[in-house]
Trainee: 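Would you mind keeping the following structure in view while I ask a few things?
Chain letters run A, B, ... following the sequence lines, proteins first and then strands; every chain starts at 1. Keep in mind that what you see is a predicted model, and the values were worked out from it rather than measured.
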Amino acid sequence: MIRYTIRRVLWGVLVLLVITMVTFLLFGPVLQGQKGLSAASTICGARCTTERIAFTEAYLGLNRPWYEQYGTYLKRIVVGPSERDRERACEKRPDGSFAEDCDVGRLGTTFVRYRSVDAVIRGALGTTFSLTVCAALVWLLLSIPIGVLSALRRGSFFDRSTMVAVLWGQALPVYYFGLLALYFLAYLPNSDIAIDLVGKRFEIFPLGGYADFELANPWPWAWHMILPAGCLALQFAALYVRMLRSQMLSIMGEDYIRTARAKGAPGRRVVVRHGLRNALLPLVTMFGMDIGILIGGAILTEITFGLDGIGHEAVRAVRDLDVPLTSGIVLVGALAIVTMNILVDLFYAVLDPRVRLS
Amino acid sequence: MALLEVRDLRTTFRTDDGLVTAIDGVSFSLEKGQVLGIVGESGSGKSVTSLSIMGLLPRGSAATSGQVLLDGRDLLTLGEEEMRKIRGQEIAMIFQDPMTSLNPVYTVGWQLIEAVRLHQDVSQTAATKRARDMLAAVGIPNPDERLRQYPHEFSGGMRQRVMIAMALANDPKLLIADEPTTALDVTTQAQILELIRRLRTDFDSAIVMITHDLGVVAEICDDVLVMYGGRVAEQGGVDDIFARPRHPYTWGLMGSMPSRSHGMDRLQSIPGSPPSLLRPPPGCRFSPRCPYVMDICRGDPPPPLRQVEDDPHFHVEACHLDAASKREEAARLLAAQEIVR
Ligand SMILES: Nc1ncnc2c1ncn2[C@@H]1O[C@H](COP(=O)(O)OP(=O)(O)OP(=O)(O)O)[C@@H](O)[C@H]1O
Ligand SMILES: [Mg+2]
């Protein structure tokens, strides 16, 4: 198990290295090779003046060979910004220290907004992370009981309604539910129409935005999370219900389920301890991947609900040709997916003894 | 009173294509310490018979009628919770495929302990000890270590031993073994049969042994029930049936028994295939494949079960052929088998 863990982690590190290399080459030398585009102007962004491009070129050492640049780039990511990075980005005080608000990071600086990419991503990550975790909780809590019941009562009214709902949930994009929810649960109750109808406005849900999580009073955070997480969760719940239902249908026909019943295990124990325990195995892999992908940005949901998450930042970065931010987000997304992948593999090995040996 | 008495058991499945009567009027009784063999080709209703006794058929689509009396109590009238207490405690079952009959994600120990604690209010330690002792009793070396292993670390034969250990964990009165050796290789088959034979004396439980191999029946059974198309073709004591087989289907099965000396090349199977139970042939269900078929065999009613006249013990068979021809044919068959041997 320990050797397995080490192997998985080493493999993950290798994948990440390759990804840094590819992003570096794509956004650096490859773009630089394009006619009429210098790396500096690309990195600097669409609205850069000539002086700023020149400054960027010198600042990033773009005249050096690409492998040296990659080395510097990788070193900054791994060990953090160097003294030189700091000197270039921040004002040095007479006593040799830097201003406290000096903003340098491992992932570089976005020249479109004059902030470190780290700071931008850190700000966005909390939002995306909250959204992902809340949605994941909701979709698991919804889909596990529904999927199991649907399978156990195959062909019943409940099962058939569930399958219709699943079809809807999977076919309609998240912004469809999102906009409907915003209209009926946020906008309408708080508009003049509500006054006409019931003589009063209600602020049931906010029209969008995010409030930071605070332990003392988590309510504002939760209040802002309910609609976006709910809508995102619906879509995933549909997929998970379908998966779990078909998994349960096949597992409940397995011989070991008959064995469990033959030894006198009560129905619920047969379903949960013997059936569900096995049916969930493939869903663990899927769940890990989904979380990884969502942390890399739930673009549609974030935009629909005006959440400044990773997905929203990614769209902005691409629109503004903000290369440092784009490549920073790519790296963070890759890190999320690779990390989840390793966690899933390890967790799976704990859950399924058969993979431990191979 | 017999330990188990099954009377006129009839099980019907509701399927998309219509009703399927998988077993139709099966009766037998079994005393403590006795072994009953149920033989028949694939689809003859052997498994459905055992699952009906265990109450393990899907409640929605299967309907069972008749009586299953265990110590005089009719199991078919019991509720799910009462039946649950009987399963694994009074009647235990082992299945055909040991490779898929154990839950892959739990250790063998976990599954054995579960079997014990489902029916006995004992501590984890006591249950573990029981599990360990059972593994040792079925001949698994290093039981302490084996308890901590998962099913995939066991070979097929070892897994079947685990299944047997699990079935016997609560000292059941009746053990139903549904083709316990079919999925195993020949050497392992012999070992498992030997084990079951030993259990019969060690644990003193009655056994229903389902198989399609008359060789197995000859080795360990006292009584035998030959089934065809969901009905009883012939039924009686093993010695009587082997000495005086009276049903053409039994002859067919005996003819397809590989004789020990000549191996498989003498194997002669019955031509044709088992009947569709959805639209069974009228009259005797074996008539389309029977070399002795007469007009009466194809019409209703089907041949009734009748006592074999020249047999002093209980021995019944369902065939219209006259007694003299049967005697002659049986003698010819037995003589031919003698020559082969
Ligand atoms: N759940 C079910 N629904 C519908 N029909 C069934 C069901 N289970 C069994 N049957 C039918 O009952 C008949 C008898 O099946 P059974 O499994 O008892 O045969 P068997 O004698 O055990 O054969 P084998 O040697 O292959 O195990 C088969 O024709 C099968 O189609
Ligand atoms: Mg069977």
Trainee: Which bit of E81(B) is near chain A, if near means a heavy-atom gap under 4.5 Å: side chain, backbone, both or neither?
Mentor: neither
Trainee: Tell me, for M163(B) versus chain A, whether the close heavy atoms (under 4.5 Å) come from the side chain, the backbone, both or neither.
Mentor: side chain
Trainee: Given that the side chain runs from C-beta out, which part of M83(B) has a heavy atom under 4.5 Å from chain A: side chain, backbone, both or neither?
Mentor: neither
Trainee: Is there a side chain to side chain donor-acceptor pair (under 3.5 Å) between Y4(A) and D345(A) once you walk through the steps?
Mentor: CA-CA 9 Å; Y4(A) 178 75; D345(A) 282 350; 4.8 Å; no
Trainee: Regarding E114(B) and R273(A), does a basic nitrogen lie under 4.0 Å from an acidic carboxylate oxygen?
Mentor: no
Trainee: Taking the six-membered ring of Y150(B) (Phe, Tyr or Trp), confirm whether the NZ or CZ of R354(A) is under 6.0 Å from its centre and within 45° of its axis.
Mentor: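 Output no; distance or angle outside limits.
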Trainee: Which of residues 248-263 of chain A have a heavy atom under 4.5 Å from any heavy atom of chain B?
Mentor: D255(A), Y256(A), R258(A), T259(A), R261(A), A262(A), K263(A)
Trainee: P172(B), P104(B), A167(B), G60(B): which one forms the most heavy-atom pairs within less than 4.5 Å of chain A?
Mentor: P104(B)
Trainee: With a 4.0 Å cut-off, would you call R87(B) and E80(B) a salt bridge?
Mentor: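 Salt bridge between R87(B) and E80(B), a charged N being under 4.0 Å from a carboxylate O: yes.
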Trainee: Examine whether an atom of I86(B) lies under 4.5 Å from a heavy atom of chain A, and if so say whether it belongs to the side chain, the backbone or both; otherwise answer neither.
Mentor: neither
Trainee: Could you pull out the closest heavy-atom pair between L281(A) and Y348(A), with the gap in Å?
Mentor: O-CE1, 3.2 Å
Trainee: For the pair D178(B) and K46(B), find out whether any cationic side-chain nitrogen is under 4.0 Å from an anionic carboxylate oxygen.
Mentor: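 Result for this pair is no, no salt bridge flagged.
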Trainee: If we define contacts as heavy-atom pairs under 4.5 Å, which of S101(B), G55(B), G88(B) has the most with chain A?
Mentor: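 So the answer, after comparing S101(B), G55(B), G88(B), is S101(B).
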Trainee: Can you tell which part of L56(B) gets under 4.5 Å to a heavy atom of chain A, answering side chain, backbone, both or neither?
Mentor: both
Trainee: What's the shortest heavy-atom distance between I310(A) and G296(A), and which atoms?
Mentor: CG2-O, 3.5 Å
Trainee: Evaluate the criterion side chain to side chain donor-acceptor pair (under 3.5 Å) for residue pair D185(B) and T188(B); output intermediate values, then yes/no.
Mentor: CA-CA 5 Å; D185(B) 63 71; T188(B) 323; 2.8 Å; yes
Trainee: Report the C-alpha separation of R117(B) and Q124(B) in whole Å, then their side-chain angles, then the decisive distance to 0.1 Å, and conclude whether the side chain to side chain donor-acceptor pair (under 3.5 Å) test is met.
Mentor: CA-CA 8 Å; R117(B) 299 193 77 185; Q124(B) 182 75 16; 2.7 Å; yes
